[in-house]
Amino acid sequence: MSRCVLEPRSPGKRWLVAGLGNHGLPGTRHSVGMAVLGQLARRLGVAESWARDQRCTADLALAPLGDAQLVLLRPRRLMNANGCSVAEAAELFGLTAEEVYLVHDELDKPLGKLALKLGGSARGHNGVRSCISCLNSSAMPRLRVGIGRPTHPSAVKAHVLSCFSPEEQELLPLLLDRAADLLLDHIRARSQGASPGP
């Protein structure tokens, strides 16, 4: 991957969309946020434009969305340190926490369920906790992608770090499409000055 080059700022709003996950572990439940970012990049026609940026230790892709510009980010760090990449990119692009979207897995929602949350606590998610700590704010909108919770608490770590089952993988394309739709609709509304609900 090449080094990311900052393009001239578009006349509209700029948003950072970060897919949280463990770099080097694609396809796991914990990295479903990165899978959503991959789908978003395909949808926006920038799937071949990812570039490694050492300033924020992440892969970045820039995409137009109407008059707005999206900065798509996949951290090249482990989940617990994703916030460092997100905060460095926010600073690089001059963005506030409110202009940063986090996309991450959610144990407390079944696979296939999506929820957009506007700010709040990390709810036990280490990647979100890292982002809150590094951005010194909890104001980031979050797209929570359900991965389901195993019945036994001791199985949680193995569950999030394992790949989706073949049956679950059949559901992923539709889920990733719906996640991209939800994000794009919300960002478009905010870019146009509307106040969309969660």
Side-chain angles (χ1 to χ4, degrees), residues 1 16-50 52 57-61 63 70-86 100-117 120-132 140-187 198:
M1 289 191 182
L16 174 66
V17 185
L20 304 187
N22 281 311
H23 175 68
L25 294 174
T28 63
R29 292 179 179 90
H30 216 20
S31 294
V32 73
M34 291 182 169
V36 171
L37 265 281
Q39 179 61 21
L40 202 54
R42 286 187 289 279
R43 180 81 65 83
L44 296 168
V46 296
E48 303 302 319
S49 301
W50 289 104
R52 185 174 184 172
T57 316
D59 295 332
L60 298 177
L70 300 187
V71 178
L72 307 182
L73 179 141
R74 296 186 302 204
R76 296 182 68 85
R77 292 179 158 118
L78 293 177
M79 180 67 87
N80 294 0
N82 275 190
C84 297
S85 293
V86 173
V100 175
Y101 281 79
L102 305 179
V103 184
H104 63 88
D105 59 303
E106 176 60 58
L107 277 166
D108 291 328
K109 296 202 171 300
L111 182 67
K113 293 292 182 186
L114 300 168
L116 197 59
K117 180 180 191 309
S121 73
R123 297 173 52 101
H125 193 285
N126 290 331
V128 174
R129 182 179 295 119
S130 172
C131 292
I132 289 172
M140 300 77 68
R142 297 160 215 173
L143 178 61
R144 301 175 350 192
V145 181
I147 61 167
R149 181 180 287 278
T151 52
H152 201 279
S154 66
V156 167
K157 183 176 180 180
H159 178 72
V160 300
L161 296 178
S162 64
C163 291
F164 289 102
S165 71
E167 296 79 20
E168 290 172 327
Q169 288 178 16
E170 289 180 16
L171 304 174
L172 281 181
L174 179 59
L175 174 62
L176 298 179
D177 266 340
R178 287 177 40 238
D181 286 340
L182 186 56
L183 272 171
L184 291 173
D185 289 348
H186 197 268
I187 292 170

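Residue numbers start at 1 and run along the sequence shown. The structure presented is a predicted model; accordingly, all values stated were derived computationally and were not measured.
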task: Quickly, which of Val46, Leu184, Leu16 forms a side chain to side chain contact (heavy atoms under 4.5 Å, CB included) with Leu70? Name it, please.
output: Leu184
- request: State, with a plain yes or no, whether a side-chain heavy atom of Asp105 is found less than 4.5 Å away from one of Arg29.
  value: no
- request: Using a 4.5 Å cut-off on heavy atoms from C-beta on, say whether the side chain of Leu176 contacts that of Val145.
  value: no
task: Please confirm whether the backbone N or O of Pro26 pairs with a side-chain atom of Ser31, one donor and one acceptor, at under 3.5 Å?
output: no
field: Plane angle bin for Tyr101 and His186 - parallel if under 30°, tilted between 30 and 60°, otherwise perpendicular
entry: perpendicular
- prompt: What residue among Thr57, Asn82, Asp59 forms side chain to side chain donor-acceptor pair (under 3.5 Å) with Arg76?
  reply: Asp59
query: So, does Ser130 use its side chain to make a donor-acceptor pair with the main chain of Gly83 at under 3.5 Å?
result: yes
query: Is there side-chain contact between Leu183 and Val36, with at least one heavy-atom pair below 4.5 Å?
result: yes
- prompt: Below 4.5 Å, heavy atoms only, C-beta onward: do Gln39 and Arg178 meet side chain to side chain?
  reply: no
- request: Ignoring hydrogens and angles, tell me if any N or O in the side chain of Asn22 forms a donor-acceptor pair with the backbone of Leu78 under 3.5 Å.
  value: no
- line: Rounded to the nearest 0.5 Å, the CG atom of Asn80 sits from the CG atom of Leu20 at a distance of 11.0 Å
query: Heavy atoms, side chains only, cut-off 4.5 Å: are Val71 and Val17 in contact?
result: no
query: Among Ile187, Leu143, Asp177, whose side chain to side chain contact (heavy atoms under 4.5 Å, CB included) with Leu182 holds?
result: Leu143
task: Examine distances only and state if a side-chain atom of Ser49 and a backbone atom of Ala61 form a donor-acceptor pair shorter than 3.5 Å.
output: no
- request: Would you indicate whether the side-chain heavy atoms of Arg144 and Lys113 approach each other to under 4.5 Å?
  value: no
task: Look only at the side chain of Arg142 and the backbone of Met140, and say whether a donor-acceptor pair between them is shorter than 3.5 Å.
output: yes
query: Could you give the distance from CZ (Arg129) to CZ (Arg123), rounded to the nearest 0.5 Å?
result: 12.5 Å
query: Could you state the interatomic distance from CG (Leu175) to CG (Leu114), rounded to the nearest 0.5 Å?
result: 5.0 Å
Note, Phe164 side chain near Leu171 side chain (heavy atom, < 4.5 Å): no
